[in-house]
Engineer: 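Please see the structure below; I have some questions.
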Amino acid sequence: MEIVIGENYEEMSKAAAAAMAKVVRDKPTAILGLATGSTPLGMYKELIRLHKEEGLDFSQVTTFNLDEYVGLSGDHEQSYRYFMTENLFKDINVNIDSTNVPPGISDDFKASCQAYEDKIQAAGGIDVQVLGIGSDGHIAFNEPSSSLASRTRLKTLTRQTIDDNARFFDNPTDVPVYCVTMGVGTILEAKKLILLAGGAGKADAVADAIEGPVSSMCTASALQLHPDSIFFIDTAAAGKLKMREYYQWVQDKKPGAPCWD
Ligand code: PGA
């Protein structure tokens, strides 16, 4: 695990965007795993800038999003499909037919979740997966007690997540209770993981994820099992890390270190 602590949200977002841009430049046909929420917005803004000002080309990429609310169609303003269109897809040259979001509406969720898994496999697997982290330590919507081997499936949101996300809805009672989410097992199969966290409200979850035991009670802790994961966090989100000075020391020593890509 690599821990990159930015001075502030903007620095963190730019560092994460640079890592994403490198994947796309190295492999123009990259399979990108994307996330919603307020945290990745700065990174998406920077990717849009890189596309517009530096010609970062998304024309051949394929994308898979982590999750979607059950019951919301793609044109609903709170759906994650809508979020992606508004905050990224409409401002870059991605082929919209190559963008995928889990099914929020289905007659047969078991079959449509399996189809989502199959589509990821058929595409060759995800090259880099972007993740946020919930204040309860969730990645995607893998709430505490989700199996670390879980696959794309229906989940029931916790009260805490519903309350956290109520800010996006006109009426707090409109927040859906159910979602479809990639599983922790699905996420761990991505070749590279990038987790973003900003603000003091995430400090406990970040500390549990990086320095706590691997546990289904903090599904972000499963990143400890992944061979290539990077946490891009700001100083506030880093506030409860015991080994923070060491993580900074590692970053300071990075230039000139042997074999560091
Ligand atoms: P946020 O959500 O970026 O809006 O804080 C993160 C998450 O719940 O994964």
Side-chain angles (χ1 to χ4, degrees), residues 6 8-10 12-17 20 33-47 64-70 72 77-84 86-88 101-102 104 126 128-146 148 150 152 155-169 172 174-184 186-188 190 193-210 216-223 229-240:
N8 51 39
Y9 177 75
E10 198 188 350
M12 167 194 110
S13 300
K14 285 195 170 156
M20 290 293 285
L34 300 177
T36 52
S38 23
T39 313
L41 286 173
M43 182 188 74
Y44 291 149
K45 209 167 139 211
E46 174 66 3
L47 287 174
F64 287 92
N65 262 76
L66 287 170
D67 42 21
E68 181 59 284
Y69 288 119
V70 165
L72 303 193
E77 284 189 19
Q78 304 310 332
S79 75
Y80 285 167
R81 161 60 75 181
Y82 189 91
F83 175 102
M84 291 311 300
E86 287 303 302
N87 293 297
L88 182 67
V101 177
I126 291 170
V128 58
Q129 176 67 58
V130 178
L131 300 163
I133 183 169
S135 57
D136 63 3
H138 70 210
I139 45 172
F141 273 139
N142 292 288
E143 300 287 34
S145 79
S146 292
L148 301 186
S150 51
T152 303
K155 278 296 288 183
T156 306
L157 300 175
T158 59
R159 190 73 249 172
Q160 188 173 342
T161 297
I162 292 171
D163 291 347
D164 285 350
N165 291 359
R167 68 190 192 279
F168 298 112
F169 289 78
D174 291 344
V175 187
V177 172
Y178 306 107
C179 65
V180 174
T181 180
M182 271 190 211
V184 181
T186 320
I187 291 167
L188 289 178
L193 300 177
I194 284 180
L195 187 146
L196 293 159
K202 299 291 173 70
D204 283 316
V206 165
D208 285 347
I210 296 173
S216 64
M217 292 309 287
C218 172
T219 53
S221 67
L223 269 67
S229 66
I230 312 182
F231 281 72
F232 289 100
I233 58 180
D234 67 9
T235 46
K240 301 231 170 134

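As a basis for the values below, the full set of heavy atoms in this structure was taken, side chains included, without hydrogen atoms, waters or symmetry mates. Order of listing sets the numbers, starting from 1, for every ligand and every atom in it.
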Engineer: Using the ring centroid of each side chain, check whether Y69 and Y178 are separated by less than 6.0 Å.
Structural biologist: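 Ring centroids of Y69 and Y178 are no less than 6.0 Å from each other.
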Engineer: Please identify each residue that fulfils side-chain contact (heavy atoms from CB on, under 4.5 Å) with D208, with sequence neighbours left out.
Structural biologist: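 Per chain and number, D208 pairs via side-chain contact (heavy atoms from CB on, under 4.5 Å) with C218.
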Engineer: Checking S146 against K155: is there a side-chain donor and acceptor pair closer than 3.5 Å?
Structural biologist: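 Side-chain D/A pair, K155 to S146: present.
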Engineer: So, using salt bridge (charged side-chain N to carboxylate O under 4.0 Å, His left out) as the criterion, who are the partners of D163 when residues are at least two apart?
Structural biologist: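 Partners of D163 by the salt bridge (charged side-chain N to carboxylate O under 4.0 Å, His left out) criterion, ordered by chain and then number, come out as R159.
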Engineer: Side-chain donor-acceptor pair under 3.5 Å between S13 and E46, yes or no?
Structural biologist: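 Side-chain D/A pair, S13 to E46: absent.
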Engineer: Hey, which residues fall under 4.0 Å of ligand 1 on heavy atoms?
Structural biologist: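 For ligand 1, the residues that come within the 4.0 Å heavy-atom cutoff are G37, S38, T39, G132, I133, G134, H138, R167, K202.
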Engineer: Of all residues at least two apart in sequence or in a different chain, which pass the side-chain contact (heavy atoms from CB on, under 4.5 Å) check with Q78?
Structural biologist: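 By the side-chain contact (heavy atoms from CB on, under 4.5 Å) rule, Q78 matches L72, H76, F168, F169.
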